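Every value quoted in this text rests on a predicted model; they were computed, and no experiment measured them. Start at 1 with the first residue, then count along the sequence.
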Amino acid sequence: PPRPRFLSGSSHRPQPVPAADPPDTLLGADNRGECWRDLGDPDRAIALHRAALQGLRQRLGDDQEWTLGAAYHLVRAYSQKGDIDAMLQLARETLPHCEVTFGTDDHRTLDLRSAIASAALAKGEFAAAEQQYRAIVATLRTSRAAADARVVTQEQHLAVAALRQGRTDA
């Protein structure tokens, strides 16, 4: 099938986005990265997300909503590629900024915490994963109905972390 025009080009390689570009250009690069991730090409997505994140950090700072969105998109691209270490490092760096900007019970903050827990699970750090999932579930239960789909999903992840440790008490 033909590629969308904004993704096509002779080389199909993402071009670096200079930090001097205005935020809307950087957001465009971040959005193209999401398109590449959705198309199953995490390498192209990572290149665009990295460039966008670097530029947004320089232009808007670490605690700005668009910067944090680009960081989260890069976390997702790392996850898709299977680069757990890069995903974990960026998620840990970004989490405090999300907590300051959005609060500890915001879905964006909880999504990063879930990424950290997923990375711990993938690395075989089951106790750390369980601790993160317990904290996420507790936060969701205080801010949402117990039947919320996000609570159920996180409870399932919590159960996996406990089962990986040979326990059935989660």
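Under the 4.5 Å side-chain contact rule for hydrophobic residues, L158 and F126 share a cluster. Note on L90 and L95: same hydrophobic cluster, where clusters join Ile, Leu, Val, Met, Phe, Trp and Tyr whose side-chain heavy atoms are under 4.5 Å apart, directly or indirectly. V160 and L140 fall within a single hydrophobic cluster, where Ile, Leu, Val, Met, Phe, Trp and Tyr are joined by side-chain heavy atoms under 4.5 Å apart, directly or via other members.
Taking CG of L56 as the reference point, atom CG of L68 lies at 10.0 Å (rounded to 0.5 Å). For the atom pair CG of L74 and CD of Q54, the computed distance is 11.5 Å after rounding to the nearest 0.5 Å. The line from CG of D41 to NZ of K81 is 10.0 Å long, rounded to the nearest 0.5 Å. To the nearest 0.5 Å, atoms NE2 (H49) and NE2 (H73) are separated by 6.5 Å. Here L163 contributes atom CG and Q165 contributes atom CD; the two are 9.5 Å apart, rounded to the nearest 0.5 Å. Taken from CG in L53 to OG1 in T94, the straight-line distance is 7.0 Å, to the nearest 0.5 Å.
Counting heavy atoms from C-beta outward, S114 and Y133 have side chains that approach closer than 4.5 Å. Side-chain contact check for D30 versus W66: every heavy-atom pair is 4.5 Å or farther apart.
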Under 3.5 Å donor-acceptor pairs involving side-chain atoms of residues 82-89, not counting sequence neighbours:
{"unit_1": "D83", "atom_1": "OD1", "unit_2": "A86", "atom_2": "N", "d": "3.1"}
{"unit_1": "D85", "atom_1": "OD1", "unit_2": "K123", "atom_2": "NZ", "d": "2.6"}
{"unit_1": "Q89", "atom_1": "NE2", "unit_2": "E93", "atom_2": "OE2", "d": "3.0"}

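Here the closest non-hydrogen pair linking A77 and P42 is O-CB, 3.7 Å. Of all non-hydrogen atoms in G61 and T67, the two that sit nearest each other are O-OG1, 2.9 Å. Across every non-hydrogen atom of A115 and V75, the tightest pair is CB-CG1, 3.9 Å. When all heavy atoms of L48 and G33 are compared, the pair lying nearest together is CD1-N, 3.7 Å. The two residues A91 and I116 come nearest to each other via the heavy atoms CB-CG1, 3.6 Å.
With salt bridges taken as basic N to acidic carboxylate O contacts below 4.0 Å, one links R108 and E65.
Panel note: side chain T109, backbone D105; no donor-acceptor pair is recorded below 3.5 Å. R32 contributes a side-chain N or O that, together with a main-chain N or O of G28, makes up a donor-acceptor pair within less than 3.5 Å.
The local environment of CD in E125 is crowded, with over 12 non-hydrogen atoms from other residues, nucleotides or ligands closer than 6.0 Å.
Paired with L60 under the rule side-chain contact (heavy atoms from CB on, under 4.5 Å), one option of R57, Q64, Q58 passes, and it is Q64.
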